[in-house]
Colleague: 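My questions all concern the structure below.
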Amino acid sequence: MIRISDVLDKIDEHTPGADLDIVDRAYIFSARVHDGQVRLSGEPYLSHPLEVAGLLADMRLDPVSIAAGLLHDVVEDTHADEKEIEEIFGSEVLHIVSGVTKLSKLNFSNAAARQAESIRKMFLAMADDIRVILIKLADRLHNMRTLSFHKESKRKNIAAETLDIYAPIASRLGIYWIKLELEDTAFMYLMPEEYERIKNKVKTDKDQRDDYIEKVRHMIAEEMKASHMPCQILGRHKHYYSIYKKMKEQNLDFEDIYDIIAFRIIVDTTPQCYEALGLMHSRWKPIDIKFKDYIGRPKPNMYQSLHTTVMGHFNERMEIQIRTQEMDKVAKSGIAAHWSYKEGKSANESVSEKFAWIQNLIENQENFTDPDEFMENVRIDLFPDDVYVFTPTGEIRSLPKGATPIDFAYMIHSEVGHQCTGAKVNGRMVPLKRKLKTGDCVDIITLKGHSPSKDWLNIVKTVKATSRIRQWIKTQDKERSISLGREMCEKEFRKNKLNYNRMIKSPEMENVLAAFGFKKTDDLIANVGYGKITPLQVVKKLVAKDAPEESHESILEKILEKVRKKKKERTGVIVKGLDDILVKFGKCCQPVPGDSITGYITRGQGVTIHKKRCINAKNMNQDRRIEVSWNEDTNASYPVTLSVLSNDRMGLLADLTTSISNIGANILSVNSETYQEENTVKTFLTVSVENTAHLKKIVAGIKRVKQVHRVKRIYN
């Protein structure tokens, strides 16, 4: 376990003369309030804040940040409160600690809502003070290092969250050493078999690769020495998760990954970077499309380096990175290399501008109340592959890869986006769905009174554009639903001899609103228009009497109840609050029991069930969403389409059908496409499955069939 003296020594080493008193006091306070607490590993709980403080010291953060790191869990896990923290350590430390603290003491409807709100709060705090996320990253890194002491289910949940949220944040902040360790550790817990397979393959030829690194380093050193250019040359192995990701994204085998080893040349000045690049290109033949100049065009997280791939001495592809000492420092520490808090001063303004994406992320998420939708859009924001385009006045704007003129328009202003009717790119009119490229000059054509199209949701890539379009559609949809709901209620009220206009303003309506959980009458009427509430339900609440309900049921009611139960059992899905409603499944995602699902009310067609991550479901009005769950008492089966890629051979189809039949599944349809040049065949099988566990058995069985290369679940 790291000691407080080790932490203090690290601070003194990178910031001689720093005031260490606040760190000492934070350590003593943390030790006192955490006294008697132990971690799952059996170690004293104090070991965790000490390790976090040590990691912050490695990032060269200031004493206030490190003190906050020592105190980051005291509000959540001890009897200490925020007032006490402020009195002893000041408002600056309290602000950071408050931003890091999870919302464990508040009540949420489910774990997803709690996680989403915790992440939202963290982003709000980090937009105001970046040190919040630096402490959170150090906290998560140490928790990942000790993840083995948790139960398997919790390990997987924490690892998934780390891979989805925290590793991308570390990447966007440019702190690559944390990003890489978080990714590899999460990969180890999420996909242990894949992790071990890649780890063993890397180890197999380790000695051979080490010899290769030494030979190439010697060659590079000779070139640099001949040009009288002092430098540092490093060779490194690609990380396990990076290898796995590349294999998946490019459909490669391990043996086809050419850049498992890469070399880094560190020189003194920027001109020397380009001089070294010329030397490497004169020694080895460069691959043109693999050259990237991140010095002339730095990444949004301030990363700078020259990247080139050459055909090496042994006729293999070889990646070389060239950068200065300062660039290397930024590449390792990211924002922490620039963030300085001395004598109460905040970070350099130019550095703050580089990280304006944090503030943009907050603004983009303000309109998302659904936890799943919020988390999905945070993931989109955290995985940018930027292109750089110009405004007509020459300003550079950054957009994610695949962005369109519509995204650009909404980036300028929401009204520009709403009124966008066309776009000129490099002086020529282009379709609005055209994907922008780095260097494009974009000019948006607007028309007052024009409104966005729902189809734009299938085109845009940025969260801001998506949220603004959905917000506009939601407003328009609500107005239409209020009009429709009012018409439906007026009709039902007349049928029951009630005056709609008088009753809607009566004191009794306040009780009806409270019964349905609404504050405004318009919200209730809109939900009638959406189809979530029937006009008859509103009438019944209005005319409800205090007389006790009859204990007996009519024969007709009993028959209807049996019909409802049978209907519900046949669907396999339970719709919250509705017993008798038509249910159908989205053909776009073909959900089966075990998939996370959501329901959307469609006018006149009941409820459509989609997978939560289905793109069509996300583009629907969230006000039409209704909570649904699988009915575990049903024995229903569901169609799933599988794509099987294999060698073309005699008896293949017979082997596939036998494998599926042996697992107890029914084949609904079969279709094949043969590729004679490659001697392969792609077979599309629609099978009837009971749940995701049944589906996994079917997929595993198909994979065992001789000469089958790949099995994928596909959607219509």
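Quick note: numbers below take in every heavy atom, side chains included, and nothing from hydrogens, waters or symmetry partners.
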Colleague: Taking atom NE2 of H218 as the centre, does the number of heavy atoms from other residues, nucleotides or ligands within less than 6.0 Å exceed 12?
Modeller: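 No, NE2 of H218 has 12 or fewer neighbouring heavy atoms, counting only those of other groups under 6.0 Å.
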Colleague: If we only count heavy atoms from C-beta on, is the V442 to K424 side-chain gap below 4.5 Å?
Modeller: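 Answer no - side chains too far apart.
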Colleague: Could you pull out the closest heavy-atom pair between M224 and V267, with the gap in Å?
Modeller: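 Smallest heavy-atom distance, with atoms named: CE-CG1, 3.8 Å.
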Colleague: Could you pull out the closest heavy-atom pair between S65 and R131, with the gap in Å?
Modeller: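 Shortest heavy-atom contact: OG-CD, 2.8 Å.
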Colleague: If every non-hydrogen atom of V310 is compared with every non-hydrogen atom of P286, which pair is closest and at what distance?
Modeller: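 V310 and P286 have their closest heavy atoms at CG1-CA, 3.9 Å.
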Colleague: Flag the pair D139 and K136 as a salt bridge only when some basic side-chain nitrogen lies within less than 4.0 angstrom of an acidic carboxylate oxygen.
Modeller: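 Yes, this pair counts.
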Colleague: Would L436 and T404 satisfy side-chain contact (heavy atoms from CB on, under 4.5 Å), going step by step from the backbone distance to the final call?
Modeller: CA-CA 6 Å; L436 298 175; T404 64; 5.6 Å; no
Colleague: What distance do S305 atom OG and I322 atom CD1 have between them, rounded to the nearest 0.5 Å?
Modeller: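 Interatomic distance, S305 OG to I322 CD1, rounded to 0.5 Å: 7.5 Å.
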Colleague: Does a side-chain heavy-atom distance below 4.5 Å link I469 with V460?
Modeller: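 Touching, per the 4.5 Å side-chain cut-off.
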Colleague: State whether D407 and K461 are salt-bridged, where the test is any N-O pair (Lys NZ or Arg NE/NH1/NH2 against Asp/Glu carboxylate O) under 4.0 Å.
Modeller: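 No, D407 and K461 are not salt-bridged.
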Colleague: State whether the side chain of Y189 and the backbone N or O of S148 hold a donor-acceptor pair below 3.5 Å, judged by distance alone.
Modeller: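 Side chain of Y189 to backbone of S148, a donor-acceptor pair under 3.5 Å: yes, one is there.
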Colleague: Looking only at heavy atoms, what is the nearest atom pair of I11 and A18, with distance?
Modeller: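 Heavy-atom minimum between the residues: CG2-CB, 4.2 Å.
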Colleague: Could you tell me whether the side chain of N143 reaches within less than 4.5 Å of the side chain of L147, counting heavy atoms only?
Modeller: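 Heavy-atom side-chain distance check fails, nothing below 4.5 Å.
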Colleague: Show the numbers, then the answer: is there a side-chain contact (heavy atoms from CB on, under 4.5 Å) between V425 and C441?
Modeller: CA-CA 6 Å; V425 174; C441 181; over 6 Å; no
Colleague: To the nearest 0.5 Å, tell me how far L141 CG sits from L55 CG.
Modeller: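 These two atoms lie 5.5 Å from each other.
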Colleague: Looking at every heavy atom in both P392 and D443, which two are closest together, and how far apart are they?
Modeller: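 Result for this residue pair: CG-OD1, 3.7 Å.
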Colleague: Within the supplied structure, the quantity of interest is the number of heavy atoms (other residues, nucleotides, ligands) at a distance under 6.0 Å from K435 NZ; does it exceed 12?
Modeller: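 Atom NZ in K435 is not crowded, with 12 or fewer foreign heavy atoms closer than 6.0 Å.
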Colleague: Does I175 form a side-chain contact (heavy atoms from CB on, under 4.5 Å) with W177? I'd like the steps, not just the answer.
Modeller: CA-CA 6 Å; I175 313 172; W177 66 275; 3.5 Å; yes
Colleague: Could you check whether any side-chain N or O of T185 sits under 3.5 Å from a backbone N or O of L182, counting only pairs where one atom can act as donor and the other as acceptor?
Modeller: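 No, because the side chain of T185 does not come within donor-acceptor range (under 3.5 Å) of the backbone of L182.
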Colleague: Calculate, to the nearest 0.5 Å, the distance between atoms CD and NZ belonging to E194 and K199 respectively.
Modeller: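 One finds 15.0 Å between CD of E194 and NZ of K199.
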Colleague: Under a 4.5 Å cut-off applied to non-hydrogen side-chain atoms, are Q304 and R323 in contact?
Modeller: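 No - every pair of side-chain heavy atoms lies 4.5 Å or more apart.
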Colleague: Please give me the minimum heavy-atom distance between L137 and Y166, naming the atom from each residue.
Modeller: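 So the two residues come closest at CD2-O, 3.5 Å.
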Colleague: Would you compute the distance between atom CD1 of I66 and atom CG of D58 and round it to the nearest 0.5 angstrom?
Modeller: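 Answer for the CD1-CG pair, I66 versus D58, is 9.0 Å.
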Colleague: Keeping the roles fixed (side chain from Q272, backbone from D268), state whether a donor-acceptor pair exists under 3.5 Å.
Modeller: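 Side chain of Q272 to backbone of D268: a pair is present.
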Colleague: Is it true that T162 and R140 share a donor-acceptor pair across their side chains at a distance under 3.5 Å?
Modeller: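 Checked: R140/T162 side chains pair up, N/O donor to acceptor below 3.5 Å.
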Colleague: Do E183 and L180 touch side chain to side chain, with heavy atoms closer than 4.5 Å?
Modeller: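 The answer is yes; the side chains approach within 4.5 Å.
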Colleague: Which value, rounded to the nearest 0.5 Å, describes the distance between E319 atom CD and R264 atom CZ?
Modeller: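 It is 9.5 Å, given to the nearest 0.5 Å.
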Colleague: Can you tell whether the side chains of R197 and E193 come within less than 4.0 Å, N to carboxylate O?
Modeller: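 The answer is no: the pair does not qualify as a salt bridge.
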Colleague: Is it the case that the ring center of F291 lies less than 6.0 angstrom away from the ring center of H307?
Modeller: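 No, they do not, as the ring centres are separated by 6.0 Å or more.
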Colleague: Taking the six-membered ring for Trp, is the centroid-to-centroid distance between Y195 and Y240 below 6.0 Å?
Modeller: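 That pair passes the under 6.0 Å test.
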Colleague: Is it the case that the side chain of T308 and the backbone of I320 share a donor-acceptor pair, with hydrogens and angles ignored and the cut-off at 3.5 Å?
Modeller: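 Checking the backbone N and O of I320 against the side chain of T308, no donor-acceptor pair under 3.5 Å is found.
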Colleague: Contact between L685 and V644 at the side-chain level, heavy atoms closer than 4.5 Å - yes or no?
Modeller: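 When only atoms from C-beta onward are counted, V644 and L685 do touch, with a gap below 4.5 Å.
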Colleague: My understanding is that only residues two or more places apart in sequence, or in another chain, count here; which of them pass salt bridge (Lys or Arg N to Asp or Glu O under 4.0 Å) with E214?
Modeller: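 Only R217 meet the salt bridge (Lys or Arg N to Asp or Glu O under 4.0 Å) criterion with E214.
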Colleague: Any salt bridge linking K682 with E673? Criterion: basic side-chain nitrogen under 4.0 Å from a carboxylate oxygen.
Modeller: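 Answer for the salt bridge query: no.
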Colleague: Can you check side-chain contact (heavy atoms from CB on, under 4.5 Å) on F187 and I243, steps first, answer last?
Modeller: CA-CA 11 Å; F187 178 40; I243 295 171; over 6 Å; no
Colleague: Contact between S672 and F684 at the side-chain level, heavy atoms closer than 4.5 Å - yes or no?
Modeller: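 Not touching, per the 4.5 Å side-chain cut-off.
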Colleague: Give a yes or no on whether a salt bridge exists between R434 and D440, defined as a side-chain N under 4.0 angstrom from a carboxylate O.
Modeller: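 Looking at D440 together with R434, the answer is yes, because their closest N to O distance falls below 4.0 Å.
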Colleague: Who pairs with E51 by side chain to side chain contact (heavy atoms under 4.5 Å, CB included), at least two apart in sequence or on another chain?
Modeller: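 E51 satisfies side chain to side chain contact (heavy atoms under 4.5 Å, CB included) with I2, H142 only.
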Colleague: As an exercise, state the distance from CG of L642 to CD1 of I702, rounded to the nearest 0.5 Å.
Modeller: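 Between L642 CG and I702 CD1, I get 5.0 Å after rounding to 0.5 Å.
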Colleague: Examine distances only and state if a side-chain atom of R649 and a backbone atom of K706 form a donor-acceptor pair shorter than 3.5 Å.
Modeller: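 Yes: the side chain of R649 pairs with the backbone of K706.
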Colleague: Under 3.5 Å, is there a donor-acceptor pair between the side chain of D184 and the main chain of Y241?
Modeller: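 Present.
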Colleague: Is the shortest side-chain heavy-atom distance between V681 and N647 below 4.5 Å?
Modeller: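 With C-beta onward as the side chain, the pair stays apart.
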Colleague: Does a sphere of radius 6.0 Å around CZ in R713 hold more than 12 heavy atoms from other residues, nucleotides or ligands, not counting ones at 6.0 Å or beyond?
Modeller: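 Yes - once you tally the heavy atoms of other residues, nucleotides and ligands closer than 6.0 Å, there are more than 12.
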